[in-house]
Amino acid sequence: MKKLIAIVGPTASGQSNVAIELAKQCNGEIISADSAQVYKGLDIGTAKVSNSETQGIKHYLIDIVGAETEYNVGEFQKDAQNAIDEITAKGKMPILCGGSGLYVNSVINEGYDLGLTQGDPKKRKELAALEKEHGQGYLYGILAEKFPNRAKKIHENDYQRILRGLEMDADIDENYTVNRWSSPYDLQIFGLQKERKLLYQGIDERVDNMFELGLIEEVAAALSMGYNPKGNALMALGYKEILPLLYGNTEVEEAKNTLKLNTRHFAKRQLTWFRRDPRIIWYDVGDFANIAEISFAIFTKLKQDKFII
RNA sequence: GGGGAGGUUCCCGAGCGGCCAAAGGGGGCAGACUGUAAAUCUGCUGUCUACGACUUCGAUGGUUCGAAUCCAUCUCUCCCCA
């Protein structure tokens, strides 16, 4: 069984840097599990680690696609599995690090069978048109009729999942894994936590910093690179809040505050996502003097467990 | 100094005699999550010894069976005229 270390946590909890420190200590390489960092040109808003920050540690799955691509979990799952194989083959330790919960789970968990049906934008559009034509709730009705089991699990207002449910045109419930928390890897998973107040404070600071680094210019540049203002990439935090600014529909301060707020909400969702995974060993950032100490604590734990020698 | 508008639960904001612990929104908290996931969606949100009780709608005093809603005084805020 291949070994895999995962480091997860909400944005601005310092996971990227902890992962780098850890990689240095245990001869590792990092696989980013981040749905937005895969896009080229989106650097500031996604808080990508800079070249100097990586300290020579190789990072996978950052900057792998451009404006023409709509990336998604399915591709990520494959790409990440390949990266793990590649790193392992080199005799190094793969470290999966990031805050996109679904992305993380798709590689970390057994039987995450995404393969049944691919995403189908055309079909989604057709379905959306139907809903418009027949009124709200129409699609849910169809879903309930065709796949009652699946419909039971989806709230009638969760439009996106309803679309997905119908798009698949298959009752995938039967294919769900029974044991959700078993892994195809010899897995060690660590979570970074922060007192809520400090977490939010950190987010505010990070957002201020993004604006100073030129976030607005970056979004404008992304548009000229061909990124679709309505596409997945620019729907990400840090981009969708800036777009109205570029169109003159809001003020800088307002956009900044919106981004801070949305990021706090996002961090909360991340916490909710990861909290339910009983395998995660949590570290409170506030208990440590710096990043290096956290990674050392993790390193020590891994040694104790004989996960690394 | 004169005239007008108004002070509602963490915030904004409805309510204008009983159906009001008080609409709605925001925020906060909690949750869901299997190819859009930095997305999408849900629940809770005065206190308590909790199918009942208690304290809230600027303050005090009144009218009334009953007030956030009516009256009086006070107080604060905003706008207009001087």
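Every value quoted in this text rests on a predicted model; they were computed, and no experiment measured them. Reminder, nothing fancy here: chain letters follow the sequence lines and each chain counts from 1.
Using a 4.0 Å heavy-atom criterion, one finds that Y103(A) contacts the sugar-phosphate atoms exclusively. Counting any heavy atom pair closer than 4.0 Å across all strands shown, G238(A) reaches no nucleic acid atom.
Annotation: side chain of I57(A) is in contact with side chain of K24(A) (closest heavy-atom distance under 4.5 Å). When side chains are defined from C-beta on, R279(A) counts as touching I108(A), because their heavy atoms get closer than 4.5 Å.
When the P atom is used for both U34(B) and U40(B), the distance is 15 Å, rounded to whole Å. Nucleotides C79(B) and A30(B), compared at atom C1', are 44 Å apart to the nearest Å. Going from the P atom of C10(B) to that of A22(B) covers 15 Å, rounded to whole Å. Nucleotides A39(B) and G28(B) are separated by 15 Å at their P atoms, to the nearest Å. Separating the P atom of A23(B) from that of C57(B) is a span of 16 Å, rounded to the nearest Å. Separating the P atom of G15(B) from that of A5(B) is a span of 16 Å, rounded to the nearest Å. Straight-line distance between the P atoms of G24(B) and C44(B): roughly 11 Å, to the nearest whole Å. Across C20(B) and U8(B), the matching C1' atoms stand 12 Å from one another, rounded to whole Å.
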- [ ] Kindly indicate, with the supporting measurements, whether the criterion salt bridge (charged side-chain N to carboxylate O under 4.0 Å, His left out) is fulfilled by D186(A) and K3(A).
- [x] CA-CA 5 Å; D186(A) 183 5; K3(A) 286 183 193 297; 3.4 Å; yes
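Closest-nucleotide positions on RNA chain B for Q160(A) and E70(A) were compared, and the one nearer the 5' end corresponds to E70(A). Both N157(A) and D34(A) sit near RNA chain B, but only D34(A) has its closest nucleotide nearer the 5' end.
The local environment of CD in E53(A) is crowded, with over 12 non-hydrogen atoms from other residues, nucleotides or ligands closer than 6.0 Å.
C10(B) and G26(B) make up a base pair, with Watson-Crick or G-U wobble contacts both under 3.5 Å. Summarising the base pairing, U63(B) is matched to no nucleotide, lacking a Watson-Crick or G-U wobble pair whose two defining distances lie under 3.5 Å. With a 3.5 Å ceiling on both atom-pair distances, the Watson-Crick or G-U wobble partner of U40(B) is A32(B).
With rounding to whole Å, N105(A) atom CG is found 14 Å from G35(B) atom C1'. One can place CG of N257(A) at 17 Å from P of G26(B), the figure rounded to the nearest angstrom. When rounded to the nearest whole Å, the span between CG of N232(A) and P of U40(B) equals 11 Å. We find that NZ of K153(A) is positioned 16 Å from C1' of G31(B), with the value rounded to whole Å. Atom CG in N262(A) sits roughly 12 Å away from atom C1' in A39(B) (whole-Å rounding). One interatomic measurement links the two molecules: CD1 of I154(A) to P of U42(B), which rounds to 13 Å at whole-angstrom precision. Remark: C1' of A38(B) and CG of L234(A) are 12 Å apart, rounded to the nearest angstrom. Atom C1' of nucleotide G27(B) and atom NZ of K197(A) are separated by 16 Å, given to the nearest angstrom.
OP1 or OP2 of G31(B) lies within a sub-4.0 Å distance of a side-chain N or O belonging to K268(A). The shortest distance between the side-chain N/O atoms of R161(A) and the OP1/OP2 oxygens of A39(B) is not below 4.0 Å. The side chain of R164(A) places no N or O atom within less than 4.0 Å of a non-bridging phosphate oxygen (OP1 or OP2) of U34(B). The side chain of R264(A) places an N or O atom within less than 4.0 Å of a non-bridging phosphate oxygen (OP1 or OP2) of G28(B). Residue S106(A) places none of its side-chain N or O atoms closer than 4.0 Å to OP1 or OP2 of U34(B). The phosphate of A39(B) (OP1 or OP2) has a side-chain N or O of K240(A) nearer than 4.0 angstrom. OP1 or OP2 of A30(B) lies within a sub-4.0 Å distance of a side-chain N or O belonging to R196(A). Taking only side-chain nitrogens and oxygens, H265(A) comes nearer than 4.0 Å to OP1 or OP2 of G27(B). T272(A) has no side-chain polar atom (N or O) that falls below the 4.0 Å cut-off from OP1 or OP2 of A30(B). For Y200(A), a side-chain nitrogen or oxygen approaches OP1 or OP2 of C29(B) to under 4.0 Å.
The closest donor-acceptor contact from the side chain of E167(A) to the backbone of K123(A) lies at 3.5 Å or more, if one exists at all. Distance alone, capped at 3.5 Å, is enough to place a donor-acceptor pair between the K194(A) side chain and the A12(A) backbone.
Taking the six-membered ring where the residue is Trp, F288(A) and Y283(A) present tilted rings, their angle falling between 30° and 60°. The aromatic rings of Y71(A) and Y103(A) are tilted relative to each other, their planes meeting at an angle between 30° and 60°.
In this structure, the aromatic ring of Y159(A) is not positioned over the six-membered ring of the base of C41(B) within 5.5 Å between centres and 30° between planes.
Here the nucleotide nearest the side chain of M168(A), chosen from G35(B), G28(B), A37(B), is G35(B). Out of A30(B), G35(B), C41(B), the shortest distance to the side chain of R275(A) is found at A30(B). Nearest nucleotide to the L102(A) side chain, out of G28(B), C41(B), A37(B): A37(B).
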